[in-house]
Amino acid sequence: MNYRHAYHAGNFADVHKHVALVAILLHLRRKETPFAVIDTHAGRGIYDLSSEEAQRSGESEEGVARLSGHEAQSPALAKYLEIVRSFDAQNYPGSPLISDLLLRSQDRLAAIEKHPEEYAALRAALSPFANARAMSGDGYAQLSRLLPPPERRGLVLIDPPYEEADELYRVAAAFADAYRRFANGIYLIWLPLKENAPADALIGELRNAGVSKLLSLTLDVGRAANEPPGNLSASGLLIVNPPYALNAEMRNAGEELLPLLHRGPEASFAVEWLAGAP
Ligand SMILES: C[S@@+](CC[C@H](N)C(=O)[O-])C[C@H]1O[C@@H](n2cnc3c(N)ncnc32)[C@H](O)[C@@H]1O
């Protein structure tokens with residue numbers, strides 16, 4: 001477990017994922033009935049962009065920093081920016097804080113983190129929030145115990161570091177188990193798009209699990225001249241049971257984000273139904 005999200009916080013992939021997270025939570029808030037959010041790989045909650053790790057990678061400079069001063073048209077992007085700007089410019093909120101700031105008093109967040117130091121930071125970051133619970137341990141195992149949520153409505157965010165070669169298969173297995181327990185939940189799964197094959201394998205596993213509605217969102221920022229080949233330049237999101245009209249909302253957000261985040265001429269984004277197109 002060498003992964004530290006501090007190197008990547010606020011990069012283009014975080015922006016992509018967090019705008020989709022906000023869009024989904026805005027939908028869940030439309031009904032009065034309570035909902036639960038389960039964040040299986042929560043991270044530390046808040047990231048210091050002036051830290052040595054963040055400064056060394058410089059990734060937020062090509063991510064959230066490029067949105068400074070932008071006046072968003074898309075409601076999800078506007079809400080995301082409102083949340084990000086409610087923090088000091090050097091602090092970037094991770095998924096559990098973004099979620100918690102969108103919960104109402106009747107809603108609930110369970111945020112799981114395995115790394116002891118990250119978990120300690122997460123616990124401290126969530127301590128002011130009465131409806132948030134930080135949990136230590138393995139996100140996949142905890143997810144199984146937490147489903148179905150008593151609310152019977154909600155979102156599961158699966159955002160692992162993909163450090164281990166078998167991570168996609170762990171995601172697939174955990175998803176299959178979770179979907180059996182909570183088939184009407186919304187699932188947001190992030191994945192790095194470095195080669196097509198692993199994404200295709202995960203999509204195949206989701207189909208095998210029996211999902212009937214699956215939306216894919218991709219954001220490829222392209223490559224700058226002389227950029228090292230190993231750099232991440234494309235972010236993928238798979239959304240099971242996406243809320244109604246999320247595809248149109250994320251298309252609008254993508255159109256706004258692409259010119260702000262692009263690094264190379266081949267930059268593109270896509271919103272595509274993989275199953276259950278209306
Ligand atoms: C990509 S980061 C999460 C970022 C966070 N979701 C966000 O958007 O702000 C992945 C996190 O998963 C943690 N992690 C790694 N393996 C885990 C596991 N099996 N269960 C729970 N957390 C794990 C890492 O320590 C890291 O903090």
Side-chain angles (χ1 to χ4, degrees), residues 1-25 37-49 51 53-54 57 59-60 63-64 76 80 83-84 87 91-102 109-126 129 132-147 155-175 177-178 186-194 202 217 219 232 234-239:
M1 287 219 306
N2 293 322
Y3 181 89
R4 289 290 182 287
H5 196 63
Y7 288 96
H8 311 294
N11 69 3
F12 78 94
D14 257 10
V15 173
H16 187 220
K17 167 180 65 191
H18 292 156
V19 172
L21 173 65
V22 168
I24 293 169
L25 294 176
V37 178
I38 301 172
D39 191 337
T40 60
H41 295 72
R44 60 189 294 121
I46 183 103
Y47 296 89
D48 179 357
L49 299 181
S51 70
E53 293 94 329
S57 78
E59 290 191 22
S60 68
V64 67
Y80 162 78
I83 291 173
V84 166
F87 292 81
N91 286 322
Y92 183 77
S95 54
L97 276 198
I98 292 174
S99 296
D100 217 285
L101 290 167
L102 287 165
L109 167 72
I112 308 148
E113 171 57 46
K114 190 170 179 185
H115 193 286
E117 279 170 31
E118 302 295 280
Y119 167 68
L122 173 68
R123 220 179 128 172
L126 291 181
F129 300 99
R133 181 172 165 214
M135 300 170 72
S136 63
D138 176 48
Y140 303 117
Q142 298 277 25
L143 176 62
S144 186
R145 286 184 209 116
L146 290 167
L147 295 181
L155 168 69
V156 176
L157 169 61
I158 303 178
D159 181 24
Y162 294 96
E163 267 192 318
E164 310 290 335
D166 67 348
E167 190 88 63
L168 273 173
Y169 294 94
R170 295 196 70 198
V171 172
F175 173 79
D177 174 72
I186 302 168
Y187 294 81
L188 174 61
I189 303 170
W190 183 81
L191 69 163
L193 297 181
K194 288 197 168 177
L202 179 57
L217 310 178
L219 175 64
L232 181 72
S235 156
L237 292 166
L238 294 171
I239 307 176

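Just follow the structure's listing: the first ligand is 1, and inside any ligand the first atom is 1. Note that the structure is predicted; figures quoted are calculated from it, not measured.
- Here the side chain of E113 pairs a donor or acceptor atom with the backbone of G43 at under 3.5 angstrom.
- H8 and Y3 have their aromatic ring centers within a separation under 6.0 angstrom.
- If you number the atoms of ligand 1 from 1 as listed, the ones under 4.0 Å from a heavy atom of G43 come out as 27 (O).
- Residue K17 touches ligand 1 through its side chain alone, judged by heavy-atom distances below 4.0 Å.
- Ligand-side atoms of ligand 1 in range of G139: 18 (C), 20 (N), 21 (C), range being under 4.0 angstrom from any heavy atom.
- Every atom of ligand 1 is numbered from 1 in the order shown, and the set under 4.0 Å from a heavy atom of G94 is 9 (O).
- Looking only at distances, no side-chain donor or acceptor of E59 sits under 3.5 Å from a matching main-chain atom of A9.
- Atom 24 (C) of ligand 1 has its nearest heavy-atom neighbour, among E113, E118, H115, K114, in E113.
- Close approach to G137 involves these atoms of ligand 1, each under 4.0 Å from a residue heavy atom: 20 (N), 21 (C).
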Check against side-chain contact (heavy atoms from CB on, under 4.5 Å), F129 and L97: CA-CA 9 Å; F129 300 99; L97 276 198; 3.4 Å; yes
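- The closest donor-acceptor contact from the side chain of T40 to the backbone of L157 lies under 3.5 Å.
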Step by step, would you call H18 with Y92 a ring pair (Phe, Tyr, Trp, His ring centres under 6.0 Å)? CA-CA 11 Å; H18 292 156; Y92 183 77; 5.7 Å; yes
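- Remark: the backbone N or O of G10 is not paired with any side-chain donor or acceptor of S60 at under 3.5 angstrom.
- With ligand atoms numbered from 1 in the order given, ligand 1 contributes 10 (C), 12 (O), 15 (C) to contacts under 4.0 Å with heavy atoms of P161.
- By the criterion of a heavy-atom distance under 4.0 Å, the backbone of A42, and not its side chain, is placed next to ligand 1.
- Closest heavy-atom approach to atom 7 (C) of ligand 1 within the set S95, G45, A121, A13: this belongs to S95.
- Side-chain atoms of H115 and R4 include a donor-acceptor pair closer than 3.5 Å.
- One option in Q142, H41, E164, H18 has a heavy atom closer to atom 23 (C) of ligand 1 than any other, and that option is H41.
- Residue contact check: D138 has heavy atoms under 4.0 Å from atoms 18 (C), 19 (N), 20 (N) of ligand 1.
- Of all atoms in ligand 1, numbered sequentially from 1 with element shown, those under 4.0 Å from a heavy atom of T40 are 21 (C), 22 (N).
- Each of D14, N11, D159 was scored for a side-chain hydrogen bond (donor to acceptor under 3.5 Å, both in side chains) with H5, with one residue passing: D14.
- Considering both main-chain and side-chain atoms, D14 never comes within under 3.5 Å of ligand 1 through any nitrogen or oxygen pair.
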